[in-house]
There are 2 protein chains.
Amino acid sequence: MSSVDEQVPGRRARLRAQTTAEIKAIALKLMADGGADAISLRAIAREMGMSGSAIYSYFETRDALITTLINDVYTSLMDQVEAARDACRPDDAANRILAWGQAIREWALANPQGFRLIYGDPVAGYQAPEGGPAPEAAKRACLGLTGLVAATWPHSQSLQAGGDHQWSDFAPTLVATVRDAFPDLPPAALALALRVWGRMHGLIALETYGHLGPQTHEPAKLYRAEMIDLIRSLGLEQPK
Amino acid sequence: MSSVDEQVPGRRARLRAQTTAEIKAIALKLMADGGADAISLRAIAREMGMSGSAIYSYFETRDALITTLINDVYTSLMDQVEAARDACRPDDAANRILAWGQAIREWALANPQGFRLIYGDPVAGYQAPEGGPAPEAAKRACLGLTGLVAATWPHSQSLQAGGDHQWSDFAPTLVATVRDAFPDLPPAALALALRVWGRMHGLIALETYGHLGPQTHEPAKLYRAEMIDLIRSLGLEQPK
DNA sequence: CACGGAAATTGAACGCCGTACAAGAAATGG
DNA sequence: CCATTTCTTGTACGGCGTTCAATTTCCGTG
């Protein structure tokens, strides 16, 4: 109650960080049941027992909160996906790809609203801030996939019907990162990585948004078949 | 100004249909710039010069209007896609698939908000009515793709790493429609059709929602490469 | 310990929204 | 011409994001 305590990092700042965390936690809870549109500053404040306008000390606007959430959620997704990949031996390219793909789907099924938050329409007229945090996580996803593809290169190149891709086709910062991590990889590999991304995204998005349910009862089987085919199209032996 | 006029179909009903059409037209305009969330019944009424509550004579609720719009837009998309497909000779399976895929992407780029309306989160807590009209259009999409795949069958079967799909894996009505149109097609072909759907959907969804833009400047090239590879994975000669 | 100022919080207000409902206007059919 | 159906309006409620002046709470310092 007195003395100096460990006020080193500032007691006020700590309380502030705690409140910020609570706001985000409640926002995520509201989103989990009710979707991103259910994230209302007033509802959060009500749940926390504070006044509606108090939130504005912590987030300048609702979109700022959404932006932060997107960053957090996207980061947690990537953490999980990378962990799944790293649970496979580094030289087991096929299973690393399969693990990556399955991890995304499992995460999406467990956090459908989170998936929609990241990859869908976050909310009414929401505009992602230029060069903001979300692109950073997306780049991480893209780079991770590039790594998976790089492990199959140039073996997979011959199997692909590639266009004539140039480095200038891609964002400079992404190119820099990729060339730094994989110096000898040609631009076609980056294009292939993006296509792999799209291939994983397609069925998951359809399923998450409820377009697959009315057609099939076995989306898992379908997705697995797609992943197996994807792996084979990269010239790898069948996993498992 | 007088006489009996052609009141055969009911003058009242005609006016009503006209007003309904105007509401939908304005709703689409609001959606085109501002997204689905910009569709507000009050704004529509304002634009039409009528009172806010008047709309409720034409649509019981906002979600009812959205549902109708989804149906209309989805139908127009399918019309366009099927037209693009039918512009190719029936025996030119490769170009029919390519045309189908390109038509979806071009439509999505021309009507991004329409794409989001169909395949994304339509709006705050919107719940698609069970067995409603949207599933019908989705079934049409799925059936169209099945036809494209059927044209490559059983040639494409041997190239696929298929799971062991049963008819019972799919929705009964879809199965009935498919077996009626293609009596000798096995369930694996239907699974392949859904996978093709997902493969087309993936890159388009990423691009439409702005996740591809930060990575590449050439999404068209990327998508085309994916379609070419998809066609080759079905065992067809390269188109064009 | 007291006090001045900064940080955090409040409450009221504005203009949106979807929706409901009773009252009024308009058009129809007998 | 009138009765009935159909359509439209005005008003109201609660919820939303956001702003702003007023207020409370807390901290470092004299």
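Every chain is numbered from 1, with letters handed out A, B, ... down the list of sequences.
In this structure, the CG atom of B:Leu65 is 10 Å from the P atom of C:dG18, given to the nearest Å. One interatomic measurement links the two molecules: CZ of B:Arg62 to C1' of C:dA20, which rounds to 17 Å at whole-angstrom precision. In this structure, B:Ile44 places its CD1 atom 15 Å from C1' of C:dC16, rounding to the nearest Å. The OH-P distance, from A:Tyr58 to C:dA8, rounds to 6 Å in whole Å. The separation between B:Met50 atom CE and D:dT6 atom P is 17 Å, rounded to whole Å. The interatomic distance linking B:Ile55 (CD1) with C:dG18 (P) rounds to 10 Å, in whole Å. Whole-Å rounding puts the A:Leu41 CG to D:dT19 P distance at 11 Å. Atom P of nucleotide C:dC16 and atom CG of B:Asp37 are separated by 18 Å, given to the nearest angstrom.
Residue A:Phe59 is out of contact with every strand shown, counting any heavy-atom pair closer than 4.0 Å. Among the heavy atoms of the strands lying under 4.0 Å from A:Ser40 are primed sugar atoms or P, OP1, OP2 only; no base atom is included. Counting any heavy atom pair closer than 4.0 Å across all strands shown, B:Ile39 reaches sugar-phosphate atoms only and no base atom.
Side-chain contact between A:Leu145 and A:Met200 is present, with at least one heavy-atom pair separated by less than 4.5 Å. Inter-residue side-chain proximity for B:Val81 and B:Trp107 is flagged as unmet; no heavy-atom pair is nearer than 4.5 Å. Counting only heavy atoms from C-beta outward, the side chains of B:Arg140 and B:Glu82 approach each other to under 4.5 Å. The shortest distance between side-chain heavy atoms of A:Met227 and A:Ile97 does not fall below 4.5 Å.
Of the residues near DNA chain D, A:Ala43 and A:Ser53, the one whose nearest nucleotide (by heavy atom distance) lies more toward the 5' end is A:Ala43. A residue-by-residue look at B:Thr61 and A:Thr19 shows that A:Thr19 has its nearest nucleotide of DNA chain C further toward the 5' end.
Between A:Arg42 and D:dG15 there is no side-chain N or O to OP1 or OP2 distance below 4.0 Å. Distances shown here put a side-chain N or O of B:Tyr56 below 4.0 Å from the OP1 or OP2 atom of C:dT19. Put simply, A:Arg16 has a side-chain N or O that comes within less than 4.0 Å of OP1 or OP2 on C:dA8.
Under the 3.5 Å distance criterion, the side-chain polar atoms of B:Tyr223 are matched with a main-chain donor or acceptor of B:Gly101.
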